[in-house]
4 protein chains.
Amino acid sequence: MAKKTERGAAPAYRRRKEHRPDEIIAAGLEEFYEHGFSGARLDRIAQSAGISRATLYLYFENKEALFAAVADHAIGTFIDSQAHELTSVEGSTRDLIERMVRTFYREIVSHKSSAILRILISEGERYPTLVERYHRIIMTRGRQTLRAILDRGIARGEIRPGPAAKFEEIIPAPAMFYLIVHMVFGAHQQIDADVFLEAHLDLLFNGLLTPEARDTT
Amino acid sequence: MAKKTERGAAPAYRRRKEHRPDEIIAAGLEEFYEHGFSGARLDRIAQSAGISRATLYLYFENKEALFAAVADHAIGTFIDSQAHELTSVEGSTRDLIERMVRTFYREIVSHKSSAILRILISEGERYPTLVERYHRIIMTRGRQTLRAILDRGIARGEIRPGPAAKFEEIIPAPAMFYLIVHMVFGAHQQIDADVFLEAHLDLLFNGLLTPEARDTT
Amino acid sequence: MAKKTERGAAPAYRRRKEHRPDEIIAAGLEEFYEHGFSGARLDRIAQSAGISRATLYLYFENKEALFAAVADHAIGTFIDSQAHELTSVEGSTRDLIERMVRTFYREIVSHKSSAILRILISEGERYPTLVERYHRIIMTRGRQTLRAILDRGIARGEIRPGPAAKFEEIIPAPAMFYLIVHMVFGAHQQIDADVFLEAHLDLLFNGLLTPEARDTT
Amino acid sequence: MAKKTERGAAPAYRRRKEHRPDEIIAAGLEEFYEHGFSGARLDRIAQSAGISRATLYLYFENKEALFAAVADHAIGTFIDSQAHELTSVEGSTRDLIERMVRTFYREIVSHKSSAILRILISEGERYPTLVERYHRIIMTRGRQTLRAILDRGIARGEIRPGPAAKFEEIIPAPAMFYLIVHMVFGAHQQIDADVFLEAHLDLLFNGLLTPEARDTT
DNA sequence: CATGAATGAGTCTTCATTCAT
DNA sequence: GATGAATGAAGACTCATTCAT
């Protein structure tokens, strides 16, 4: 509740056009994340950023522009963080998948991506542009890498062709559950990230059923 | 002047009075779903329900009370729809799992559960009570059934013990991906529900890797 | 300064959708007249009209719409007040001119037309639509009557053809001086309306009429 | 720290400093003319003058002071431009009148005097001082000259005594019509200045002068 | 001298909520 | 019961004005 940055007797008159936008965006992310677009108060954002309400308007044209900047920044951060993981598709398929999934969880746990997701879920309907950009950038790019891994795995005989392998998103899919539960019920139920991750990998690698049980129709 | 009620005459056309709250709640669900709490306009809800704004206050104390009623109703509906699926734990484990998962998708595709989820995600932070109730009722109950199925499967030798089987939520987890993508990117990317469901089941039943590939570390 | 209508312990809750708009428009005319568009405060208008600021929005979409309504009303009033003067073009030219000019002064002295004029002068540049409507309605209509009188006068030998008679607006033109001086310097220099009117008529009679027509009372 | 003034060094490129106020005033006249006092933006004025908003405050204490300066300047300019026309009252009355009226139109057409007038009309109520000064300076001075011409004309038998000759302002009065119409409806109705001027003179000559005086060119 | 940066004091506008009928 | 009318409270946004450099 008292999240106001509290810089402790701030030196009244700071001038630093350089860092302001970042500070505002950080404060904005927090606020939009917690209250959604309509619920967000420029008042609080300004206060968190340690500036006056009017000063916001020196950096962003209006609430919507600020929101767009926040969303952009969050997405950008996400992309950057993923970028260097996707470089080489080498080694065993098992390793590749494991590395990707682990990266995923590392990102998910970070505040940022939950924030993006929550914002997209809450305000998406109102900001088709935002949704579209996010979709184009994230979804498409991630999928291509996954597809490549799967195809290569099938070609190398490491992956069993079948319905699952047709859907590249199936690889990260279970993680979404963790993300949502963490986001919504975080206060009530702490899912152990490591345990969940192991379960996820185990599912991916081995499947659930024993060979015998599979054929028991 | 104020004799409009016509209490002595023929009441004939009075018949929807008891249904009013339902209509309001339905309209409210739609509105809260689309705009979140702060973004929702009592105006629009009233209009959708075919009544005047002031009339809302005859049924609900204020916006928050209406929201609570909407959320309650949605959760209640969800619970009811699941209740009769969980009765008997009989037959092969494979069948049990398949039935549960299919039920899940059927529910997910229905508007209602997306609505709850979106509301929980958007407004959860502000309504801990809501979150807590939902968590207690849904999560807990659902998990117990899943756990039972898994334990029974392991006992019957149909399920391979391991990290995945330790986490009962792993069963429905991938569906969350579908739900979120559908909700957020529905307009931009139509995931084929059937294909995704097959992939989900395939993953659960067989796993991704071939036996040979699994051991190739 | 304390022009607030002061209705003396108003009966708090009056409901009368009928008269409200008129009261608001009256208050608006006063306010826009005195302060121009940007200078006008909805606050004051509401107070003058004896309602709350929010209530304004029940009747007018926004400040601009209110302004448009005020302007429309003022113009409408002006038109109506002139309409019944222009009916018959009969009698001696001298009489016709005298009647028109006297009507003019009567109108000019009324608050309304100064108000329109001031608003047009102050805000015209910003509201081309308003200017255009006013121009089309007022200027055009008045001119036609004047032209008719002059043409008829020339045909009847009562008006000396010449540069002056070619410009119908020359008839009311001097009155504009009175209007402006009255409006701007009213507080410092009280022009005697009657004396000015006599001078105006004297100038017109001698300047326009033929010697014979002058004495035809 | 505050030694920037560099009083000893080479001032070389300092040369417009004294002109700054003039540029600001010019920009201000334009802005106040177009938008009125409340509508005027210091922002735009500064930009027009090619300086920063803060710099305005080096020359003028605040918006009102700037406005006063603008008004003063405009009035001053007007006075100067008239001054040298009023020197000698010699020649035929007809000539005198014609010269005065022509001067009037020449001034009127110039942007400046419209500007003053618009400002007086729009903001006069709020700046009684301004109005008073303008009134004292302009109205009074102009009237004296006109009075002198009329009295001399009557004495010389060139002007017909009568109601019109009692009111010296009747001479320039019609021009006010032109000015206002030009200012307000300029975009919609182009009054031909020359034609209007001829009509004005024709009316004055025939309305004021005795038959004999009329033809004395 | 000049100005970029910052802000307090408004101003319009919206909206949940309350009454009188 | 139902509602048209009204409004207080609050929020986004603007702008004249002030500093520190």
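Note that this is a predicted model, so its numbers are computed, not measured. To find a chain, count down the sequence lines: A is the first, B the second, and so on, and within it residues start at 1.
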[X] side chain: which of [options] is closest?
{"X": "D:S52", "options": "E:dT3, E:dT13, F:dC13", "answer": "E:dT3"}
{"X": "A:A54", "options": "F:dT7, F:dC15, F:dA2", "answer": "F:dC15"}
{"X": "D:L42", "options": "E:dT7, F:dA12, F:dT17", "answer": "F:dT17"}
{"X": "B:R53", "options": "E:dT17, F:dC13, E:dA2", "answer": "E:dT17"}
{"X": "D:Y57", "options": "E:dC19, F:dT7, F:dA16", "answer": "F:dA16"}

> 5'-most contact on DNA chain E: B:A40 or A:I51, nearest heavy atom basis?
Replying inline: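 The residue whose closest nucleotide sits nearer the 5' end is A:I51.
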>> Quick check: on DNA chain F, is the nucleotide nearest C:L56 upstream (toward 5') of the one nearest B:L56, or the reverse? Name the residue that is more 5'.
In response: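 Checking each residue's closest nucleotide, the 5'-ward one belongs to B:L56.
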>> Under 4.0 Å, heavy atoms only, any strand: does A:R41 hit a base, just the sugar-phosphate, or nothing?
In response: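 Sugar-phosphate only.
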>> Within the 4.0 Å heavy-atom criterion, would you say B:A46 contacts the bases, only the backbone, or no part of the nucleic acid?
In response: nothing
>> Within the structure provided, determine whether D:V70 and D:Y33 are in side-chain contact (heavy-atom separation under 4.5 Å).
In response: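 No - every pair of side-chain heavy atoms lies 4.5 Å or more apart.
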>> What stems show up for DNA chain F when you take Watson-Crick pairs (N1-N3 plus N6-O4 or O6-N4) and G-U wobbles (N1-O2, O6-N3), both under 3.5 Å, and require three or more consecutive pairs?
In response: E:2-21 with F:2-21
> Does F:dA6 have OP1 or OP2 sitting under 4.0 Å from an N or O in the side chain of C:Y59?
Replying inline: yes
> Once you round to the nearest 0.5 Å, how far does CZ of B:R118 lie from OG of A:S122?
Replying inline: 7.5 Å
